[in-house]
Peer 1: 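I have a structure here, written as structure tokens, and I will follow up with some questions on it.
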Amino acid sequence: QVQLVESGGGLVQTGGSLRISCAASGGTFGRYVMGWFRQSPGKEREFVAAISWRSGGSIFYGDSVKGRFTISRDNAKSTVYLQMNSLKPEDTAAYFCAASIKSYGLTSRYGYDYWGQGTQVTVSS
């Protein structure tokens, strides 16, 4: 069993930046693939980014955030980060981190085993 807790959300202006974090406990963090998803009212949960557990592993981004967002992880701190730059009002959503022991299906919410409670990011125009 793994528990995930997001933090760092808030209100920013269009074009601004924000860094959100996800702290993991209850498992061996370095063995999990980590992902970020987001969801706004009335919309499907959307893939944002994922990072594999192994050294030199793969990183994936959703098309809507590619070039603006950066995912990273610190296994010593059992924490995954999402650096968000050039924010747009369309980025407004609750952001969720997720953990998976699998190495496939990681751009889908069905590919993950554990989820955090979410942190709200609001971008004003």
Side-chain angles (χ1 to χ4, degrees):
Q1 182 66 38
V2 173
Q3 293 181 323
L4 306 173
V5 180
E6 302 97 332
S7 62
L11 175 64
V12 296
Q13 294 183 339
T14 297
S17 297
L18 197 65
R19 188 198 200 196
I20 56 177
S21 304
C22 174
S25 62
T28 304
F29 180 78
R31 296 181 180 178
Y32 292 96
V33 176
M34 300 298 299
W36 285 99
F37 290 76
R38 65 186 184 184
Q39 188 168 26
S40 57
K43 291 188 175 182
E44 192 78 12
R45 187 164 296 190
E46 177 188 15
F47 171 74
V48 176
I51 184 168
S52 61
W53 61 267
R54 64 186 184 276
S55 178
S58 299
I59 294 176
F60 304 92
Y61 294 102
D63 289 340
S64 62
V65 306
K66 194 173 298 181
R68 299 187 297 121
F69 290 10
T70 302
I71 187 173
S72 62
R73 66 190 295 164
D74 186 337
N75 288 348
K77 296 181 178 180
S78 298
T79 301
V80 62
Y81 305 94
L82 186 68
Q83 177 67 47
M84 301 178 287
N85 299 324
S86 301
L87 284 163
K88 308 173 182 178
E90 306 93 272
D91 296 317
T92 295
Y95 283 72
F96 300 86
C97 73
S100 176
I101 62 172
K102 301 178 289 290
S103 60
Y104 56 89
L106 299 178
T107 61
S108 168
R109 62 189 175 96
Y110 301 108
Y112 290 83
D113 304 290
Y114 306 101
W115 293 86
Q117 84 291 342
T119 186
Q120 180 67 35
V121 173
T122 302
V123 184
S124 63
S125 59

Peer 1: For residues Ser58 and Ser52, report the shortest heavy-atom separation together with the two atoms involved.
Peer 2: N-OG, 2.8 Å

Peer 1: Got a second to check how far Phe60's CZ is from Thr107's OG1, nearest 0.5 Å?
Peer 2: 8.0 Å

Peer 1: Any chain of hydrophobic side-chain contacts (each under 4.5 Å) joining Val5 to Trp115?
Peer 2: no

Peer 1: Using a 4.5 Å cut-off on heavy atoms from C-beta on, say whether the side chain of Arg38 contacts that of Val65.
Peer 2: yes

Peer 1: State whether the number of non-hydrogen atoms from other residues, nucleotides or ligands found under 6.0 Å of Lys102 atom NZ is greater than 12.
Peer 2: yes

Peer 1: Considering only heavy atoms from C-beta outward, does the side chain of Tyr32 approach that of Asp113 to under 4.5 Å?
Peer 2: no

Peer 1: If I compare all heavy atoms of Thr119 with all of Gly9, which pair ends up nearest, and what's the gap?
Peer 2: OG1-N, 3.1 Å

Peer 1: Are Ile71 and Ile59 side-chain neighbours, meaning at least one heavy-atom pair lies under 4.5 Å?
Peer 2: yes

Peer 1: How far apart are the closest heavy atoms of Tyr112 and Leu106, and which atoms are they?
Peer 2: OH-O, 2.7 Å

Peer 1: Can a cation-pi geometry be assigned to Arg45 and Phe96, taking NZ or CZ under 6.0 Å from the six-membered ring centre and within 45° of the ring axis?
Peer 2: yes

Peer 1: So does Val123 get a backbone contact from the side chain of Thr92, meaning a donor-acceptor N/O pair under 3.5 Å?
Peer 2: yes

Peer 1: Which label fits Phe37 and Phe47: parallel for a plane angle under 30°, tilted from 30 to 60°, or perpendicular past 60°?
Peer 2: perpendicular

Peer 1: Assigning hydrophobic clusters by single linkage (Ile, Leu, Val, Met, Phe, Trp, Tyr; side-chain heavy-atom cutoff under 4.5 Å), is Tyr81 placed with Tyr114?
Peer 2: no

Peer 1: What heavy-atom pair brings Glu44 and Gln39 nearest, and what distance separates the two atoms?
Peer 2: C-NE2, 4.1 Å

Peer 1: Can you name the side chain to side chain contact (heavy atoms under 4.5 Å, CB included) partners of Ser40, sequence neighbours left out?
Peer 2: Lys43, Ala93

Peer 1: Which heavy atom of Cys22 sits nearest to which heavy atom of Leu4, and what is that distance?
Peer 2: SG-CB, 3.8 Å

Peer 1: Taking side chain as C-beta onward, heavy atoms only, is Leu11 less than 4.5 Å from Gln120?
Peer 2: no

Peer 1: For Ser64, which of Glu90, Glu46, Lys88 qualifies under side-chain hydrogen bond (donor to acceptor under 3.5 Å, both in side chains)?
Peer 2: Glu46

Peer 1: Any side chain to side chain donor-acceptor pair (under 3.5 Å) pairs touching residues 3-21, not counting sequence neighbours?
Peer 2: Glu6-Gln117, Ser17-Asn85

Peer 1: For the residue pair Asp91 and Met84, establish whether any side-chain heavy-atom pair is separated by less than 4.5 Å.
Peer 2: no

Peer 1: Thr70 and Tyr61: which non-hydrogen atoms are nearest, and at how many Å?
Peer 2: CA-OH, 3.2 Å

